[in-house]
Structure formats: structure tokens, C-alpha cells
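In listed order, ligands and their atoms are each counted from 1.
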Amino acid sequence: MTESAVPAAISTQVDLFDDAVVADPYPTYAELRALGPVVRLERAQAWGVPRYESAKAVLADPETFSSVNGLHLNPEGNQWVTANSVLATDGLEHARLRRVLSKELAPRAIKDLAESLRSRADELVAGLADRESFDVVSDLAAPYVTGVIMDLMGLPQVDGSGLMKQIESVFDTFAAPNQRTYAGLPSAQAMFEFLQTVCTRDNVRPDSWLGAAHAAADRGEIAEIECVMTMAAYLTAGMDTTIHAIATAVHHLVADREQWELVRDGKVGYDALFGETLRFDAPIQGFGRRVVRETQIGDVTIPAGDQVWVMFGSSGRDADKWGADADRFDVRRPGTEDHLALGFGAHLCAGNHLALMEFDAIFAALGKHFPELSADPEAPAERVLNNVLRVWEKVPVRTRG
Ligand code: HEM
């Protein structure tokens with residue numbers, strides 16, 4: 001597609017992955033939504049899809065908007081990081097790979113975990129009870145989520161904290177090329193090496209995710225290499241996303257005592273908190289798709305072969321969907337389960353029930369042990385810049401108000 005063929009009104013030179021935009025993307029998203037349901041992002045050589053309805057329509061049509069060779073806005077990412085994984089396949093191939101862990105992640109299986117998820121969170125939070133302050137990221141969300149995931153993977157003895165930083169930079173590789181995009185590629189490599197060397201049949205419990213993947217390989221349902229790609233997808237998608245979502249929720253709750261009390265006192269459910277948190281600040285801000293047949297978004301024709309960038313983060317702030325106060329965090333907002341931050345359609349997050357149960361466990365424990373939880377006025381929350389993931393460096397809180 002040449003630049004001159006695109007009407008100026010729907011074309012922009014905005015760099016979505018520039019430091020200043022990544023630090024606070026929401027004003028830029030508002031500009032893009034005002035331009036239309038689809039906007040040519042000249043710098044990324046892709047079509048941005050910033051509105052709620054247009055993003056949902058793209059996700060609902062995988063026959064036009066393919067995940068194959070399309071998730072990353074650069075060829076290296078598509079070829080090396082997610083190729084042939086559950087995330088980057090379509091149709092029957094996707095169904096075959098998604099089946100590998102469908103039993104383990106089904107709502108019923110996750111419900112059975114509720115008790116152990118809650119007691120693990122309770123123990124961790126109780127262990128902070130002597131402290132006047134702590135960091136939600138490094139003291140709570142990261143050890144909790146990495147512990148849960150390592151355990152479910154079948155590697156309870158492995159410390160997942162190093163992996164967490166690697167996975168963070170794997171998210172950089174989804175963007176259009178910049179310094180962060182390429183710095184993330186060695187991290188993806190390190191994650192694959194970890195999976196190949198540590199996650200062997202001898203090391204994992206058979207009644208675990210890795211055990212299930214190995215069993216599927218033994219039955220000939222997936223190839224040996226697909227075990228690694230499957231686990232890489234689950235690790236990438238399931239760890240840092242949940243860690244930073246928990247930190248986001250705490251950050252906003254302690255900034256508004258009334259909202260914290262509503263959650264603490266059970267007047268607003270943990271599912272409503274989960275929905276509003278993901279709507280307000282989607283942990284994954286966007287993923288790509290490849291257009292496999294010419295199509296229309298609004299009155300714009302998108303040629304086959306082009307890429308679109310589905311803007312989960314922007315869709316959560318669309319006033320046409322969420323009302324004039326879409327930029328306000330409010331746990332009382334109705335209908336937030338409609339958000340797109342866990343995807344939609346065929347690739348809807350496979351870990352969505354688990355992520356909600358982790359939220360449930362953490363906030364139940366925080367409400368019980370720290371009813372007076374508040375922001376730490378001496379230590380503001382800090383972020384780390386990432387092309388695609390909303391990352392917190394630290395979210396300090398005070399335990400006694
Ligand atoms: C708050 C936490 C989470 C967020 C925000 C999140 C977000 C997402 C999103 C946006 C997608 C859709 C990708 C697409 O359409 O291309 C997705 C898919 C996926 N998620 Fe999650 N996720 C979270 C937690 C988890 C957890 C805990 C797991 C499991 C361990 C997980 C595993 C997956 C997998 C395997 C996929 C790929 C599904 C497929 O392609 O069929 N996620 N996630």
C-alpha cells in the first residue's frame with residue numbers, strides 16, 4: 001500500500017511505540033479513535049484498530065484477520081517467537097494446540113484449585129503482616145503468580161522470578177521495530193532454552209501442564225517441538241499479564257479509599273474489580289493480525305497481506321462503548337465483563353478463569369489482613385517502559401493507613 005493511496009484523514013505519523021506514547025498511551029488512543037474505526041499507522045506500516053466495535057469485529061473474524069504470521073509487527077517476531085504456537089495458528093491447527101491444556105484450564109478444573117490458590121495467597125499476605133509498607137509487585141504479585149504458574153506447570157522447585165523479566169521483554173517483540181523490539185529477541189531465546197533444558201520429562205510432575213503436554217506428544221497429538229511452543233505461549237501469556245494486572249488494581253484502589261472499602265467489604269465482587277481493571281488499563285495493549293483477503297473496516301479497504309494492530313488498551317477507553325467517563329477507574333461500572341483485554345472469539349484468553357481466581361485469592365487476603373491498605377505517600381508507584389505490556393516497576397503501599 002503506497003502512502004498516496006491512503007486518504008490523509010485516516011493516516012497518521014504517530015509512533016505508538018515511542019517512549020512518550022508508551023509511558024501514557026491513552027491521549028494518543030483518543031486521537032486515533034477520533035480519526036475513525038481504522039487508522040493507517042505509517043510508522044508501523046500497519047492499520048491501527050482503536051475503537052471498541054472495530055477491534056471486536058476484527059477479533060471475531062479470524063478467517064479474514066489471521067493470527068498466522070501476523071501477531072508481531074516485525075518478521076523476526078513472527079518467525080521466531082510465536083510461530084506455530086497456539087497464539088499464532090488458525091482453524092483446525094489452532095484447535096488441535098488449544099486442546100492440549102483445555103481440560104486443565106476449564107472453569108471446573110480452576111474451581112477445584114480455588115482453595116489452594118486462596119491459602120497460598122493468604123499465607124503470602126500474612127507473611128507481610130509485620131511490615132508497615134511493602135511493594136505490591138516484588139513482595140506480592142510476582143512471587144504469588146510465578147509460584148502458582150511454576151506449580152501448575154509441574155516445576156514447584158523452580159524460582160520463576162528470572163523468567164518474569166525475560167517474559168516482560170518478550171512482549172516488546174510484538175511491536176514495530178525499535179530498540180526494545182530487538183532487545184526482546186534474546187529473551188525469547190532464553191525462555192525457549194529454559195523450556196528445553198529444565199522442563200524435561202524427568203523434571204516435571206505428570207499431573208501438571210507440562211505433564212499434559214508431554215502426554216499429548218506421546219499420544220502423537222502434538223509434535224515434540226510443539227510442547228515447547230505450547231508451554232512458551234502459556235508462560236508468556238500467563239505470568240506478567242496477571243502480575244501487572246494485580247498491581248494496577250491495587251494502585252487504583254488505594255488511590256480512592258471509597259473504592260477500596262467497596263472491594264474489601266464485599267460490596268463489589270472480585271469479578272467486577274477484575275473487569276474494570278482490565279478495561280481501564282489492558283495489560284496487553286495490542287496484538288497484530290494478518291489480513292488474508294481484501295476487506296473493509298468502516299469505509300476503508302484493507303488489502304490482503306497488510307497487518308492490523310488490534311488495540312485492546314484503546315478499546316477499553318472508547319466513550320462510545322463505556323460512556324463519557326471511560327477514562328475514570330470505577331469498580332461500580334456495570335458491564336465491564338465486555339472488555340476486550342482478554343481477547344475475544346477463537347483466541348480468547350485460555351487462562352481467563354485462572355487469572356480471575358488469582359485476583360479473587362489476592363484481594364480476599366489483602367482485605368482480611370490489611371483492611372486499612374493505602375498508598376505510600378513517600379514512595380510513588382513507578383513503571384517500566386514496554387512496547388506492549390503495561391509494566392509496573394513498583395507499587396508501594398502502606399499496611400496501616
Ligand atoms: C490478566 C491476565 C491476562 C491477560 C490480560 C491476558 C490477555 C490475553 C489476550 C489479550 C489474549 C488474546 C490473544 C489474541 O487474541 O491474539 C490471550 C490469550 C491467551 N492467554 Fe491470556 N491473559 C491473561 C492471563 C492468562 C493466564 C493466567 C494464562 C494461562 C496460564 C493465559 C494463557 C493464554 C493463552 C494460552 C492464550 C492463547 C489462546 C489462543 O490463542 O487460543 N493468559 N490472553
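You'll find the ring centres of Phe192 and Trp80 outside the 6.0 Å limit.
Between atom 5 (C) of ligand 1 and the options Gly345, Ala341, Ala282, Ala346, the minimum heavy-atom separation is to Ala341. When Asp90, Val86, Thr242 are checked for heavy-atom proximity to atom 2 (C) of ligand 1, Thr242 turns out nearest. Here atom 38 (C) of ligand 1 lies nearest to Arg98 when heavy atoms of Met153, Glu358, His94, Arg98 are compared. Summarising the contacts of atom 32 (C) of ligand 1 with Gly286, Gly343, Ala245, Ala237, the nearest heavy atom is found in Ala237. Among Ala249, Gly238, Cys349, the residue whose heavy atom lies nearest to atom 22 (N) of ligand 1 is Cys349. The closest heavy-atom contact to atom 1 (C) of ligand 1, among the options Thr248, Asn352, Val58, Leu278, comes from Leu278.
Close contacts of ligand 1 with Pro283, meaning ligand atoms under 4.0 Å from a residue heavy atom, involve 5 (C). Remark: ligand 1 atoms within the under-4.0 Å shell around heavy atoms of Ile284 are 7 (C), 8 (C). Less than 4.0 angstrom separates some heavy atom of Phe287 from each of these atoms of ligand 1: 13 (C), 14 (C), 16 (O).
In terms of protein heavy-atom proximity, atom 40 (O) of ligand 1 is closest to His347 ND1, 2.6 Å. Taking atom 4 (C) of ligand 1 as the reference point, the nearest protein heavy-atom neighbour is Leu342 CD2, 3.5 Å. Of the protein's non-hydrogen atoms, Ala350 N, 3.9 Å is the one closest to atom 36 (C) of ligand 1. At the shortest separation from atom 14 (C) of ligand 1 among protein heavy atoms lies Arg289 NH2, 3.4 Å. Atom 29 (C) of ligand 1 has as its closest protein heavy atom Gly351 CA, 3.7 Å.
Relative to the ring axis of Phe370, Arg400 does not place its NZ or CZ within 45° and under 6.0 Å from the centre.
Residues passing the side-chain contact (heavy atoms from CB on, under 4.5 Å) test with His251 are Ala381, Trp392, Val395, sequence neighbours excluded.
Side chain to side chain, Asp159 and Ser161 meet the donor-acceptor criterion of an N or O pair below 3.5 Å. Counted by atom type alone, His252 and Thr277 present zero donor-acceptor pairs between their side chains at under 3.5 Å. If you check the side chains of Thr336 and Glu276, you find no donor sitting under 3.5 Å from an acceptor. Arg398 and Ser133 are not linked by any side-chain donor-acceptor pair at a separation below 3.5 angstrom, with hydrogens and angles left out of the test.
Side-chain N or O atoms of Trp260 include one that pairs as donor or acceptor with a backbone N or O of Pro371 at under 3.5 Å.
Using a 4.0 Å cut-off between heavy atoms, Leu87 contacts ligand 1 through both its backbone and its side chain. Only side-chain heavy atoms of Leu71 come within less than 4.0 Å of ligand 1; its backbone N, CA, C and O stay farther off.
Within a 6.0 Å radius of CG in Asn84, other residues, nucleotides and ligands contribute 12 heavy atoms or fewer.
The pair Arg279-Glu337 fails the salt-bridge criterion, with no side-chain N (NZ, NE, NH1 or NH2) lying under 4.0 Å from an Asp/Glu carboxylate O.
Counting heavy atoms from C-beta outward, Pro177 and Glu76 have side chains that stay 4.5 Å or more apart.
At least one heavy atom of Trp209 sits closer than 4.0 Å to an atom of ligand 1.
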